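Accompanying notes for the structure given below.
Computation of the quantities below employed the complete heavy-atom set of this structure, encompassing side-chain atoms and omitting hydrogens, waters and symmetry-equivalent molecules. All values derive from a computational prediction rather than experimental measurement. Below, chain A is the first sequence line, B the second, and so on; all start at residue 1.
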Amino acid sequence: MEDISHILAPLNEPQRDAVTATGGNRLVLAGAGSGKTRVLVHRIAWLIQVEHLAPWSLLAVTFTNKAAREMRSRIEEILQQPIGGMWVGTFHGLAHRFLRAHWQDAKLPQHFQILDADDQLRLVKRLLKELQLDESRYPPRQVMGFINREKDEGRRPEHLDDGGDFYQRKLIEVYREYQATCERAGQVDFADLLLKTHELLRDRPDIRHHYQERFAHILVDEFQDTNAIQYAWLRLLAGDRDNLFLVGDDDQSIYGWRGARVENIQSFQRDYPNTQVVRLEQNYRSTGNILQAANALIAHNPTRLGKNLWTQDAEGEPILRYAAFNEVDEARFVVDRIRGYVTEEGYRRAECAILYRTTAQSRLFEEALINAQIPYRVYGGLRFFERAEIKDAMAYLRLVANPDDDTAFERAVNTPMRGIGPRTLENLREQARETRVSLWQAARDLLASGNLPPRAAGAIGQFLDLIDRHRRAAPDLNLDGLANDLIAAAGLEEHYRKEKDGKGQDRVENLGQLVETAGRFHLELGDAEIEGENDALAAFLAHAALESGDTQADEFEDSVQLMTLHSAKGLEFPIVFLVGVEEGLFPHSLSADDPHRLEEERRLCYVGMTRAMHQLFVSHAESRRFRGSEDRPFPSRFLREIPAALVREVRAGGLSRSAAWGSAASLAPGTRQAGASWGAGVPEAGQGGGFHLGQGVRHPKFGEGVVLNSEGRGAAARIQVKFHGEGAKWLVLAYAKLEPLG
DNA sequence: AACTTCGGCTTTTTT
DNA sequence: AGCCGAAGTT
């Protein structure tokens with residue numbers, strides 16, 4: 001008998017029950033901080049090391065790439081070996097893998113591509129125009145939402161009934177046209193990945209049986225976030241093997257807006273009556289006070305399965321509540337407190353997290369942190385592959401992989417401007433529409449027909465040639481070589497270099513980074529399941545769409561963590577600041593009226609609170625600048641739902657406004673040590689020559705101004721200065737001869 | 001065809 | 001406040 005204590009010893013009774021379960025389905029209702037991931041990981045270790053199952057017979061699925069990475073590394077850690085053939089990934093990632101393997105069965109071109117949300121929106125807009133539907137009556141975002149919602153529920157256009165409603169009929173028409181366009185171009189959107197996978201499993205018993213036999217166990221994380229298709233997909237994969245191991249928490253369901261159905265938890269128990277339910281209610285994360293407060297809050301939700309977390313931990317500190325004067329004061333308060341924890345109580349910066357409802361809120365805190373010279377890191381927000389310049393470059397790569405990619409064609413054809421304007425493009429579109437071919441093919445046809453004005457013909461000829469040339473060269477090049485050549489030949493770098501809005505330099509740097517990323521990706525590809533050179537490009541494009549670059553693995557500096565509540569799920573921090581807890585913002589005004597959405601907002605608040613281990617702060621501003629105008633929001637109803645006995649009101653103690661600013665401003669320029677490092681994307685203090693936000697400066701040419709912003713590091717460090725009469729300019733610190741004033 | 005200006009609208013969250 | 005599309009100007 002081998003030693004299995006490493007698997008069982010760290011577990012409590014119910015956790016052990018779940019991990020060692022035999023026969024039948026398991027539903028693990030795991031409260032926040034109750035060791036959910038641990039149970040999943042140990043379950044897998046149990047199956048492999050005790051039941052001696054082969055890794056390839058296991059399937060583990062999560063929702064976010066982050067969670068998938070975490071699970072993968074923890075599995076490898078406990079097994080002390082690579083996960084081998086185990087399928088561990090997100091629903092979308094696994095579906096993609098499946099469709100790549102079965103592209104013929106799914107009636108997809110071998111190099112089908114993935115449409116991300118931005119591509120999707122552009123496509124919808126284009127179709128609305130083609131169908132002559134007014135964007136004000138058919139807001140593209142809502143039309144897109146309609147399409148996605150239907151797909152998430154597993155409905156194709158032909159399943160839909162307009163019920164005699166004109167508007168509905170039009171929506172269905174757009175959906176149908178949208179789908180046809182995607183198919184013509186060999187493109188698949190996020191929802192399609194799941195839907196097509198489901199359809200294939202449903203319609204092909206042979207394939208279904210193959211996978212049903214292969215997977216001895218199917219483990220699902222965050223089951224409460226599954227949508228209709230994902231659930232149906234799991235059922236097909238499981239067949240009647242009763243091999244499902246689902247972990248979830250109805251109180252942490254926060255993705256209803258993208259089709260997630262908490263009800264799947266109940267449906268599951270109905271659909272599989274032989275399911276054993278395990279409840280994990282002991283919390284190992286938070287103090288008693290934090291837990292009590294969170295429990296009290298979530299108790300206000302009428303529709304829940306019911307569960308009460310408890311802890312052996314001490315009560316701990318009360319929750320601290322701060323009523324800020326305005327949003328700037330709120331940020332200042334938070335940063336002061338963080339400074340206190342770090343300098344006086346020995347916390348690392350990375351142990352402090354600022355959680356907010358909307359991404360837009362991050363800026364205030366970033367500014368305050370920059371000002372205080374505290375390194376920070378923002379999660380989420382604009383991801384690498386979503387940046388305009390990266391999408392531009394990717395459009396060229398996509399065309400090389402598949403010239404029929406209309407979305408990419410539209411984007412690349414006149415970026416940078418090469419004289420193919422709206423008029424010419426309209427010509428192409430019409431030709432494409434009439435002959436039912438891609439824009440690429442239409443361009444070739446039109447060019448061959450000689451029916452183009454000479455100027456347009458020349459420009460188009462060059463563009464087609466550019467792509468063709470690289471298509472031929474691609475097989476002999478590494479990804480980075482291809483990307484590099486393409487960016488240069490397309491003139492993208494030059495285009496951005498000349499851009500004068502101050503962002504140009506950044507964009508050029510990002511293009512450089514894209515080439516690097518491509519190179520690294522190519523290297524890492526070695527062990528993956530890629531056959532020919534051609535597939536490297538396809539894999540890279542898929543990677544860009546599916547992971548959108550949230551890795552940012554570089555920044556390992558100890559830094560304060562900033563993120564939305566959604567991206568905080570699954571994480572924990574000793575010190576948590578839950579900010580902007582105001583009516584209108586949290587709960588968000590778009591959700592406050594609908595009871596279901598309100599419940600989801602409350603769950604989001606619950607998620608946020610339960611991230612905290614030692615100390616939880618909640619703050620709200622009495623006045624907030626929002627979209628230009630001034631707002632006087634009420635404190636959130638959620639604050640009232642936390643028992644007063646657990647909360648202590650704080651005033652901005654100790655550090656007054658002037659003291660907080662003084663600490664940065666009182667140092668004479670130049671005397672600051674380089675060791676006092678700045679936040680991510682901010683110049684080193686030594687490099688900065690002692691500039692900080694709000695500081696007066698003099699420039700030989702532009703005169704006097706005030707520092708507004710800064711970004712980049714080292715030689716790339718730049719600051720934005722508002723000059724009197726001149727407006728704001730971005731200046732490269734290394735070159736600009738700036739003189740500090742005051 | 002390219003560039004400028006103006007006005008409306010927006011963002012809740014992510015694969 | 002900032003972004004995008006529409007309309008107007010060169």
Inset, instruction - Return the value, rounded to whole Å, for the distance between atom CD of A/E547 and atom P of B/dT15. - result: 9 Å
Inset, instruction - Take the protein atom CD of A/Q120 and the nucleotide atom C1' of B/dT15, then report the distance between them rounded to whole Å. - result: 11 Å
Legend entry - For A/R398, salt bridge (charged side-chain N to carboxylate O under 4.0 Å, His left out) partners two or more places apart: A/D119, A/D405
Inset, instruction - Would you please name every residue forming a side chain to side chain donor-acceptor pair (under 3.5 Å) with A/N264, sequence neighbours left out? - result: A/T226
Atom pairs under 3.5 Å: protein N/O with N/O of nucleotides 3-6 of chain C:
from	atom 1	to	atom 2	distance (Å)
C/dG5	OP1	A/K125	NZ	3.2

Inset, instruction - Under 4.0 Å from any atom of DNA chain B, heavy atoms only: list the residues of residues 597-608 of chain A that qualify, in numerical order. - result: A/R597, A/E601
Legend entry - A/L585 side chain near A/P633 side chain, heavy-atom distance below 4.5 Å: no
Inset, instruction - Would you kindly give the NE2-to-P distance between A/H566 and B/dT13, to the nearest whole Å? - result: 9 Å
Inset, instruction - Indicate whether OP1 or OP2 belonging to B/dT14 is found under 4.0 Å from a side-chain N or O atom of A/T564. - result: yes
Inset, instruction - Would you kindly give the CG-to-P distance between A/L565 and B/dT13, to the nearest whole Å? - result: 11 Å
Inset, instruction - Could you pull out all residues at least two apart from A/A457 that satisfy side chain to side chain contact (heavy atoms under 4.5 Å, CB included)? - result: A/L447, A/L452
Inset, instruction - To the nearest Å, give me how far apart CD1 (A/I229) and C1' (B/dT15) are. - result: 15 Å
Inset, instruction - Starting from C1' on B/dT13, measure out to CD1 on A/I254 and report it in whole angstrom. - result: 8 Å
Legend entry - Residue among A/E583, A/E630, A/E330 satisfying salt bridge (Lys or Arg N to Asp or Glu O under 4.0 Å) with A/R624: A/E330
Inset, instruction - Please check the phosphate of B/dT13 (OP1 and OP2 only) for any side-chain N or O of A/S567 closer than 4.0 Å. - result: no
Legend entry - A/T424, nearest nucleotide to its side chain (from B/dA1, B/dT15, B/dA2): B/dA1
Inset, instruction - Take atom CZ of A/R149 and atom C1' of B/dT14, then tell me their distance rounded to the nearest Å. - result: 16 Å
Inset, instruction - Pick base, sugar-phosphate or nothing for A/F91, based on heavy-atom distances below 4.0 Å to the nucleic acid. - result: nothing
Legend entry - Residues in ring pair (Phe, Tyr, Trp, His ring centres under 6.0 Å) contact with A/H92, at least two apart in sequence or another chain: A/F190
Inset, instruction - With DNA chain B as reference, determine whether A/G93 or A/S589 sits nearer its 5' end, using the nearest nucleotide of each. - result: A/S589
Legend entry - Residue list, salt bridge (charged side-chain N to carboxylate O under 4.0 Å, His left out) with A/D593, at least two apart or on another chain: none
Give every pair of a protein N or O atom and an N or O atom of nucleotides 6-11 of chain B that lie under 3.5 Å apart, one pair per line with the distance.
from	atom 1	to	atom 2	distance (Å)
B/dT11	OP2	A/R141	NE	3.4
B/dT11	OP2	A/R141	NH1	3.3

Legend entry - Pairing of A/E135 and A/R141 as salt bridge, 4.0 angstrom limit: no
Legend entry - Stacking check A/F63 vs B/dT15 (5.5 Å / 30 deg): no
Inset, instruction - Identify which nucleotide among B/dT15, B/dT13, B/dA2 has an atom closest to any side-chain atom of A/N414, counting heavy atoms from C-beta outward. - result: B/dA2
Legend entry - salt_bridge(A/E600, A/R603) N-O dist < 4.0 Å: yes
Inset, instruction - Please measure how far the C1' atom in B/dT11 lies from the corresponding atom in C/dA6, and state the result in whole Å. - result: 22 Å
Inset, instruction - Name all residues meeting the salt bridge (charged side-chain N to carboxylate O under 4.0 Å, His left out) criterion together with A/R122; count only those two or more places apart in sequence or in a different chain, and write none if there are none. - result: A/D118
Inset, instruction - Whole angstrom is fine here: how far is it from CD1 in A/I114 over to P in B/dT14? - result: 19 Å
Inset, instruction - Using ring pair (Phe, Tyr, Trp, His ring centres under 6.0 Å) as the criterion, list what pairs up with A/H588, not counting sequence neighbours. - result: none
Inset, instruction - Check every strand shown and say whether A/S591 touches a base, only sugar-phosphate, or nothing at a heavy-atom separation below 4.0 Å. - result: base
Legend entry - With sequence neighbours excluded, residues passing salt bridge (charged side-chain N to carboxylate O under 4.0 Å, His left out) with A/E183: A/K196
Inset, instruction - Using side chain to side chain contact (heavy atoms under 4.5 Å, CB included) as the criterion, list what pairs up with A/A568, not counting sequence neighbours. - result: A/L355, A/M563, A/R611
Legend entry - A/R423 vs A/R258, nearer the 5' end of DNA chain B by closest nucleotide: A/R423
